[in-house]
Amino acid sequence: MLEHESISNPTHSKTTGLPRKRFYRARAHSNPLSDSHFPVPIFPSQFDYSLHYPQFFPLPDRSDGSKKIEFADIGCGFGGLLISLSTLFPNTLMIGMELRDKVTEYVKERILALRASNPGQYENVSVVRTNSMKYIPNYFEKGQLTKMFFLFPDPHFKEKNHRRRVISPHLLDEYAYVLRVGGIIYTITDVEELGVWMKSCLDGHPLFEAISQEVLEADPVVKLLSTATEEGQKVARNGGQTFQAVYRRIASSFSH
Amino acid sequence: MEDNHMEEHDQKLETEVAPALIAVHPNQKFISVSIGSDLRLFNLQDGSGVTLLDENGGHKDSIRSIRYSKSGQLFASAGDDKLVKIWDTNSWRCIYSVVSEKRVTSLAISCDEMFVCFADKFGVVYVVDVRDYNNENRALVNTKGVPLLSHYCSIITRLEFSPDGKYIVTADRDFKIRVTLFPKEPLSGAHEIQSFCLGHTEFVSCLAFISSQDYPQGLLASGSGDSTVRLWDYASGSLLDTCDVGAKAGLLHSNQKQDEILPSVTDLCATSNGSRIAVAIQSLPGIMLLKCNLSSNTLSVIKVVSITAETFIPTSIGASSSVPLLWMVMGASSLQSNNFALLARVRVVSGFSDNSSVTVEPEISVLDDKEIPRGEPLLQILQGKLSIGEEAFSTAAEAVKTSMRNLLIKKQYSAERREFRKRGRNDKKNQTPA
């Protein structure tokens, strides 16, 4: 999957070896409701770690299964956050999930180029083209993730399209399933209406609780939310406001 | 372009076909058959048909799900008319009429009979509180469901409660089975997912819990468009065994092409002690009988119970918990030709029972019409007429198969075809074909 192309790739910058975005332009939105035509693992252990993290898994057989993906960036876009997280948590496996195929292709090339120019680095990060709203349980087991990111998701303003929003009361049930107790869900948007929506979904969910301001300030990841992604930088350039909601997965109080 | 138009037109006709369904009262007091919008009931105790009392005049479109509650006190029906009707089986009056926003695909009644759940075509499961119902003669309640959980934009094919009532299980078109804790107060949603049972490679079409006194929690069996029945430890989501029923029934040919559509499993029914499972499969005239071993967690084929005199491929099967009879129905709603409209065929297999004490297999046979309890009067009511022409069978089987495939199997288009469809959308779709 992540075979490396030659340095003289015409879609890559000659000076940095990184792919150039203008060759990977895509529509800004993708319909998450349409039937998908890409391969999806039937269950999480079918996901081939050796294709995505060859340095961690030199053999296709992942019989030990000891190390698993812990961070998931849902709708990773051009991958800015992943790249920053990769060096901040060099021993944690992380994956970006993106529905737009050209954008996924860009992130894939970007990671390969970074691995080539920084040997030993960026080996813990990868990307997959998928519809995370539909197939999260196909990739991750119960309680596998420690962090999930939802950065600048599609706002879907029309009420009719609210069910396309990536944060919704029912989808939070699935996110709570793949997050382990104590795991953190990070959301940020520049659309106030969506910020209010995401916060109210999380506030209303029995398996999430808001994280206090002090804890947030001490978390190095929080700063990356607005600075690391392409979308975040664009908002900052235009002097826009951002609205973030960061919540912790808590144990259930459900008694049998 | 013309091609495209035709295809969509055909598909519309086909997806409107709904299979005939059968439900058996837990003590076999009543047998219910639905076909199209028609709900037929027979009282086995007094040997007569039952007249349903519904102020709103019954269902208006194809019924997609019918269920008795655990004690048999309640009966529920729902379908394409976006209505869920809950009936009291003493008076056979409709006591709740629930309006859904979308078409309803499946139903389940909680073990304590306090809640009725239904799933719609957009993957949302709703819950209706029926605790305030009492037997006193009172007016029909018109109400709405409260969202309980959701499979993201997938069609939910089946809903089931675990035998202990702790979990609600949902199966969908995207190969998934989800096991969710059913809270004591479900009106604020069921948020805690216990597991996903993943392994099917096509839509999941049916579910059945297998439990016994020794294994009260039991196991879960599922049937699918991938032509298998799978056995699960549903609390952990682990796959225990897979039985390739399509291949074992001899429905798959050695020269089967890779992309050919496999005969789907359409329905499952387990005996009350869980040791036997009847499996209805598309293209199989009769049923396949499986043995489930709850201590070794395995499934094995006992035999195929064939129906030879006529091409009877059941569209739905059911059994009571106390009588060793398996009830089967075959039929389809709204076929193009009106001659066969709303005819259903009912057959019964005897010897459908657990086999814990005896070493000899109970005698399993397909009953002749005159051997069926209450024979002719029952068939007259449930089938619509006593004898049904052979042509009706093949038409019904084919129509149900096509509509199920169109509804649940994802279409595979070539890259060129996909490009073509992309170009043809929005601005071009309203043009009339040349």
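Chain identifiers are assigned alphabetically (A, B, ...) following the order of the sequence lines, protein sequences preceding nucleic acid strands; residue numbering begins at 1 within each chain. This one's a predicted model, so the numbers in the text were calculated from it and none came from an experiment. When reading the values below, keep in mind they use all heavy atoms of this one structure, side chains included, and skip hydrogens, waters and symmetry mates.
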Is it the side chain or the backbone of A:I42 that comes within 4.5 Å of chain B heavy atoms, both, or neither?
->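 The answer is both parts of A:I42.
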Please tell me if the side chains of [X] and [Y] come closer than 4.5 Å, counting only heavy atoms from C-beta onward.
X: A:L207; Y: B:E192; value: yes
X: A:P44; Y: B:L198; value: yes
X: B:Y152; Y: A:R164; value: yes
X: B:H151; Y: A:H170; value: no

Got more than 12 heavy atoms from elsewhere within 6.0 Å of CD, A:E209?
-> yes
Select one option (side chain, backbone, both, neither) describing which atoms of B:F196 are under 4.5 Å from chain A's heavy atoms.
->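 Both the backbone and the side chain of B:F196 come within 4.5 Å of chain A.
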B:L239 versus chain A, the contacting section by heavy-atom distance below 4.5 Å | neither
Could you walk me through whether B:I193 and A:E174 pass the side-chain contact (heavy atoms from CB on, under 4.5 Å) check?
-> CA-CA 7 Å; B:I193 302 172; A:E174 285 194 13; 3.9 Å; yes
Show your reasoning for whether side-chain contact (heavy atoms from CB on, under 4.5 Å) applies to A:Y135 and B:D174.
-> CA-CA 9 Å; A:Y135 300 116; B:D174 286 286; 3.5 Å; yes
Donor-acceptor pairs are to be reported for all side-chain atoms of residues 111-122 of chain B against protein atoms at under 3.5 Å, with residues two or more places apart or in another chain.
unit_1	atom_1	unit_2	atom_2	d
B:D112	OD1	B:S110	OG	2.6
B:D112	OD1	B:M114	N	3.1
B:E113	OE1	B:S71	OG	2.9
B:E113	OE2	B:S69	OG	2.9
B:E113	OE2	B:K70	N	3.2
B:E113	OE2	B:S71	N	2.6
B:E113	OE2	B:S71	OG	2.7
B:D120	OD1	B:F122	N	2.8
B:D120	OD1	B:G123	N	3.2
B:D120	OD1	B:V124	N	3.1

Hey, what do you get for CG (A:D173) to OG1 (B:T180), rounding to the nearest 0.5 Å?
-> 7.5 Å
Among all residues two or more places apart in sequence or in another chain, which pass the ring-ring contact (aromatic ring centres under 6.0 Å, His included) test with A:F43?
->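 Once residues adjacent in sequence are excluded, A:F43 has no partner under the ring-ring contact (aromatic ring centres under 6.0 Å, His included) criterion.
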Residues of residues 182-206 of chain A with a heavy atom under 4.5 Å from any heavy atom of chain B, in residue-number order, are A:H205, A:P206
Partner set under salt bridge (Lys or Arg N to Asp or Glu O under 4.0 Å) for A:D219, not counting sequence neighbours =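 Salt bridge (Lys or Arg N to Asp or Glu O under 4.0 Å) list for A:D219, sorted by chain: empty.
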